[in-house]
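Below: one structure, written as structure tokens.
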Amino acid sequence: MKKETGLGGTILKDGNSIKFKTGSWKSRYPVHSRDLCKSCMLCIPYCPENCIKEKDGVCMGMDLDYCKGCGVCAKVCPFHAIEMKTKNEVK
Ligand code: SF4
Ligand code: SF4
């Protein structure tokens with residue numbers, strides 16, 4: 001068996017989360033509305049995967065390769081600019 005963590009699940013090397021795409025975990029998808037978003041950036045520090053992107057002070061939405069669909073961003077957005085949807089609802 002391949003050893004991937006230390007005793008008790010200790011993380012042995014920092015910055016390794018980039019290697020583990022958690023996007024396949026989700027059953028719901030955050031749908032970001034650029035029309036409603038005010039780029040207040042409140043959602044960014046709440047995202048446990050740090051997968052909400054910003055560029056030049058503008059919120060650019062989520063990197064779905066890492067978003068695990070927890071819905072925290074939708075919960076904290078004061079402008080209701082993020083809506084959680086199922087895969088079928090997104091299509
Ligand atoms: S919390 Fe809402 S309004 Fe603020 S940046 Fe995130 S999506 Fe945009
Ligand atoms: S659903 Fe969760 S993991 Fe995905 S962008 Fe929102 S806070 Fe981050």
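All figures in this text were calculated on a predicted structure; none of them were measured in a lab. Each ligand, and each atom within it, is numbered from 1 in the order the structure gives.
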In Å, rounded to the nearest 0.5 Å, how long is the span from [atom1] of [X] to [atom2] of [Y]?
X	Y	atom1	atom2	answer
E83	H32	CD	NE2	12.5 Å
C51	D65	SG	CG	9.5 Å
Y46	C70	OH	SG	12.5 Å
Y66	I52	OH	CD1	15.5 Å
C47	K68	SG	NZ	8.0 Å

Return the closest protein heavy atom for [atom] as residue, atom name and distance.
atom	value
atom 2 (Fe) of ligand 1	C77 SG, 2.3 Å
atom 3 (S) of ligand 2	K68 N, 3.5 Å
atom 5 (S) of ligand 1	M41 N, 3.2 Å

Going by chain and residue number, what protein N/O/S atoms come nearer than 2.8 Å to atom 6 (Fe) of ligand 2?
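Listed by chain and number, the atoms are C73 SG.
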Give a yes or no on whether the backbone of V31 and the side-chain of K85 come within a donor-acceptor separation of less than 3.5 Å.
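Between the backbone of V31 and the side chain of K85 there is no qualifying donor-acceptor contact (under 3.5 Å).
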Side chain of S39, backbone of C59: donor and acceptor closer than 3.5 Å?
yes
Less than 4.5 Å apart, side chain to side chain, heavy atoms only: is that true for E49 and D63?
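No, too far: nothing below the 4.5 Å cut-off.
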Contacting atoms of ligand 1, where contact means under 4.0 angstrom from a heavy atom of [X]:
X	result
F79	3 (S)
H32	7 (S)
C40	1 (S), 3 (S), 4 (Fe), 5 (S)

Sequence neighbours excluded, which residues qualify as side chain to side chain contact (heavy atoms under 4.5 Å, CB included) partners of K75?
none
Which atoms from ligand 2 have a heavy atom of P48 less than 4.0 Å away?
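Those qualifying, in numeric order: 7 (S).
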Which heavy atom of V90 sits nearest to which heavy atom of Y29, and what is that distance?
CG2-CB, 3.8 Å
Hey, is atom 2 (Fe) of ligand 1 within less than 2.8 Å of some N/O/S atom on C37?
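Under 2.8 Å: C37 has no N, O or S contact with atom 2 (Fe) of ligand 1.
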